[in-house]
Amino acid sequence: MTIQIFNTLTRKKEPFVPIEEGKVKMYVCGPTVYNYIHIGNARPVIVYDTVRNYLEYKGYDVHFVSNFTDVDDKIIKAANEIGEEVGELTERFIAAYFADIEALGCRHADDHPRVTDHIRDIIDFIGVLIDKGYAYESGGDVYYRTRKFDGYGKLSQQSIDELKVGARIQPGEKKEDALDFALWKAAKPGEISWESPWGAGRPGWHIECSVMAREVLGDTIDIHAGGQDLTFPHHENEIAQSEAHNDKTFANYWMHNGYVNIDNEKMSKSLGNFITVHDIRQKIDPQVLRYFMLTVHYRNPINFSSEVIADAENALERLRTAYRNLMFRLEQTADNGDQADIWLHKVREAQKAFEDAMDDDFNTANAVAALFDLARLSNTYLNEKNTQKDVLQAFLGAFGKLAGVLGISLETADELPGEEVDALIAEREEARKNRDFKRADEIRDHLLSQGIILEDTRQGVRWKRG
RNA sequence: GGCGGCAUAGCCAAGCGGUAAGGCCAGGGACUGCAACUCCCUUACCACCGGUUCGAGUCCGGUUGCCGCCUCCA
């Protein structure tokens with residue numbers, strides 16, 4: 001089935017048709033690296049990593065690009081405050097970013113272009129916009145002439161005059177119109193800067209994405225994504241820049257994820273109500289955070305709280321237990337049965353349900369539900385006296401593959417119990433055989449106090465870390 | 001002021017015209033020496049008021065309450 005994507009441009013779900021068959025060009029706006037990312041920033045990273053995984057699952061060759069904004073006002077400010085070079089600061093937080101997203105099970109993009117590596121391209125791009133009359137120099141700055149671009153407002157669905165009401169005009173403004181935005185900013189004394197035809201300066205915020213997307217992916221890309229707050233003005237401005245420059249559609253599909261809220265309010269750096277991924281992953285399993293993010297449809301807001309994380313922990317554990325129990329059974333040299341076809345069929349049905357959910361605008365909430373269907377099925381199967389190896393492997397394969405699309409690993413890194421533990425388990429088995437339950441329970445309680453939970457099954461003693 | 005989103009069980013959350021997925025928690029039962037794991041069962045007049053329809057959480061209008069964008073922001 002074709003994937004349906006909700007396109008912000010049309011406010012509708014549309015069948016996904018890539019520019020080039022079998023290939024997807026995808027650009028996701030990345031972080032401004034002056035701090036650790038917070039869990040609100042982590043949402044798009046997780047969501048679009050999952051989108052990318054699913055596109056690949058469907059057989060697409062995905063060229064996934066995500067940029068780093070490594071020069072801007074906030075970075076300069078942060079660097080000044082702690083007395084660090086801009087380059088050192090950004091290098092540090094880029095490394096931190098990778099560490100954080102890896103913990104969250106996200107892969108690196110195929111390309112991570114940086115603004116400071118594309119200054120030349122940006123200057124050239126701005127030059128073309130000036131030549132075409134879409135931009136003008138003013139006192140060392142260069143601004144985009146918003147009213148010149150016909151489609152301005154088409155992404156945020158606002159007319160240019162409505163936008164103007166809300167626009168603020170800064171004192172000493174050098175713009176022709178309040179809605180114009182900076183493509184190039186003249187350097188203030190002592191600031192990091194590059195030479196340009198308009199004097200020393202640095203790029204404005206929006207221009208980088210237009211330029212780097214084009215440099216890496218070309219004039220028109222398939223999917224452009226980011227947080228809802230980027231719709232306006234960032235993405236609106238990108239469209240204005242790119243389409244004025246390229247004379248082509250910039251992106252065919254625009255995806256925007258909802259916010260992460262805390263106490264029902266948007267988490268944001270300016271409000272100061274944020275939790276960094278760097279901190280939270282010391283306290284909770286980052287896989288739980290990822291799972292939690294995917295239990296809500298990406299366009300809806302998601303409210304973060306300790307309660308909801310506790311729920312997610314338990315839920316993920318159920319999935320992991322199902323997986324672990326399958327592995328355990330497989331190790332017990334599975335017997336033969338004759339019901340394989342029925343079960344194999346059920347596995348396929350669950351997989352189909354997962355795909356249907358993901359095809360429908362990446363409905364991960366329903367995809368997760370399909371995983372739980374699979375868990376119930378496999379648990380039921382494990383209650384059978386005889387199991388077959390190929391069925392167990394089918395369950396494990398489906399679990400691994402589908403959870404993998406969601407970026408969730410069901411494997412738990414339980415180290416082998418030491419010899420001492422083995423001996424105790426053996427002793428307990430002996431005691432149980434002799435109906436010495438007092439001693440057996442003593443051993444079980446002792447192991448429990450060490451965080452080892454025993455589970456007696458028909459196939460033998462199974463254990464796990466509590 | 002302009003634009004937009006959301007209100008579904010104790011909690012989280014799908015569903016977007018045909019008589020309410022899934023998860024967590026709770027209660028009951030089965031399994032077990034007892035547990036654990038697991039399985040089965042139980043828990044929703046879908047914010048409110050009108051309307052369209054044979055039929056509406058699901059479409060239309062209105063009300064109330066939250067939230068967001070219009071300014072740096074994922």
Side-chain angles (χ1 to χ4, degrees), chain A residues 8 11 13 28-32 37-48 72-74 77 153 156-159 161-168 170 179 205 225-234 236 256-261 264-271 274 291-292 295-297 299-303 305 307-319 321-322 324-325 328 353 357 360 363-373 375-376 378-384 431-432 435-438 440-441 444-445 448 453-458 461-464 466:
Chain A
T8 306
R11 304 282 160 97
K13 283 183 197 171
V28 179
C29 287
T32 300
I37 58 166
H38 64 240
I39 54 183
N41 299 315
R43 167 116 99 146
V45 182
I46 291 170
V47 164
Y48 302 118
D72 96 317
D73 290 338
K74 294 189 295 287
K77 185 162 172 268
S156 48
Q157 317 243 292
Q158 300 217 66
S159 80
D161 294 310
E162 282 160 351
L163 283 166
K164 182 147 189 180
V165 177
R168 294 177 188 185
Q170 300 295 106
L179 280 175
W205 174 40
Q228 229 159 49
D229 42 3
L230 296 185
T231 310
F232 189 90
H234 187 56
E236 196 73 70
H256 292 96
N257 59 278
Y259 302 124
V260 173
N261 292 160
N264 247 9
E265 259 193 343
K266 178 185 173 183
M267 179 181 294
S268 79
K269 285 178 180 168
S270 45
L271 286 174
F274 62 90
Y291 168 84
F292 163 66
T295 56
V296 179
H297 184 85
R299 280 188 281 115
N300 293 152
I302 185 169
N303 203 256
S305 69
E307 291 76 23
V308 104
I309 287 295
D311 285 359
E313 261 165 10
N314 291 335
L316 218 210
E317 188 53 31
R318 174 172 160 77
L319 255 21
T321 300
R324 189 194 300 117
N325 292 352
F328 176 80
D360 182 16
N363 193 328
T364 53
N366 281 337
V368 166
L371 242 36
F372 280 100
D373 288 343
R376 166 163 301 111
S378 73
N379 283 330
T380 300
Y381 183 64
L382 289 179
N383 281 151
E384 303 244 317
R432 288 181 70 210
R435 305 192 66 77
D436 179 1
F437 298 124
K438 186 163 174 290
D441 290 351
R444 187 169 64 195
D445 290 345
L448 183 63
I453 297 167
L454 297 186
E455 291 167 6
D456 299 329
T457 77
R458 220 161 5 201
V461 183
R462 192 164 64 200
W463 65 275
K464 65 174 179 181

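Below, each value reflects all heavy atoms present in this structure, side chains not excepted, and no hydrogens, waters or symmetry copies. Labels below follow one simple rule: chain letters A, B, ... track the order of the sequence lines, proteins then strands, and each chain is numbered from 1.
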Novice: Is the shortest side-chain N/O distance from A:Asn261 to OP1 or OP2 of B:rC66 below 4.0 Å?
Specialist: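 No, because none of the side-chain N or O atoms of A:Asn261 sits under 4.0 Å from OP1 or OP2 of B:rC66.
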Novice: Please state the C1' separation for the pair B:rC49 and B:rA7 - nearest whole angstrom.
Specialist: 15 Å
Novice: Would you indicate what A:Val28 reaches in the nucleic acid, counting non-hydrogen atoms under 4.0 angstrom: base, sugar-phosphate, or nothing?
Specialist: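 If one applies the 4.0 Å heavy-atom cut-off, A:Val28 turns out to touch nothing in the nucleic acid.
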Novice: Can you identify which nucleotide, out of B:rC37, B:rC11, B:rA74, has its nearest atom closest to the A:Asp311 side chain?
Specialist: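 Nearest to the side chain of A:Asp311 among the choices is B:rC11.
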Novice: Between B:rU58 and B:rC46, how many Å separate the two P atoms, rounded to a whole number?
Specialist: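 Taking atom P in both B:rU58 and B:rC46, they lie 10 Å apart.
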Novice: According to a strict under-4.0 Å criterion, is A:Arg11 in side-chain N/O contact with OP1 or OP2 of B:rG5?
Specialist: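 For B:rG5, OP1/OP2 do not have a side-chain N/O of A:Arg11 under 4.0 Å.
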Novice: If you compare every side-chain N and O of A:Lys13 against the phosphate oxygens of B:rC16 (OP1, OP2), does one of them come in below 4.0 Å?
Specialist: no
Novice: It should be established whether A:Asn363 places a side-chain nitrogen or oxygen under 4.0 Å from OP1 or OP2 of nucleotide B:rG15.
Specialist: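 A:Asn363 to B:rG15 OP1/OP2: side-chain N or O found under 4.0 Å.
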Novice: NA contact type, A:Gln158, heavy-atom cut-off 4.0 Å: base, sugar-phosphate, or nothing?
Specialist: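 A:Gln158: base contact, heavy atoms under 4.0 Å.
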Novice: Any base atoms under 4.0 Å from A:Val308, or only sugar-phosphate, or nothing? Heavy atoms, all strands.
Specialist: sugar-phosphate
Novice: Remember a base hit wins even if backbone is also touched, and classify A:His297 as base, sugar-phosphate or nothing at under 4.0 Å, heavy atoms.
Specialist: sugar-phosphate
Novice: State whether A:Arg299 places a side-chain N or O below 4.0 Å from either non-bridging phosphate oxygen (OP1 or OP2) of B:rG68.
Specialist: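 For B:rG68, neither OP1 nor OP2 has a side-chain N or O of A:Arg299 closer than 4.0 Å.
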Novice: Could you tell me whether A:Leu454 contacts a base, only the sugar-phosphate backbone, or nothing, with contacts defined as non-hydrogen atoms closer than 4.0 Å?
Specialist: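 Touches a base.
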Novice: Would you mind reading off the distance between A:Phe372 atom CZ and B:rA21 atom C1', rounded to a whole angstrom?
Specialist: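 A:Phe372 atom CZ is separated from B:rA21 atom C1' by 12 Å.
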Novice: Between A:Asn325 and B:rC37, does any side-chain N or O lie under 4.0 Å from OP1 or OP2?
Specialist: no
Novice: Using the P atom as the point on both nucleotides, what is the distance between B:rC70 and B:rA74, in whole Å?
Specialist: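 One P to the other, the span is 12 Å.
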Novice: Is the ring of A:Phe437 stacked on the base of B:rG33, with centres less than 5.5 Å apart and planes under 30° off?
Specialist: yes
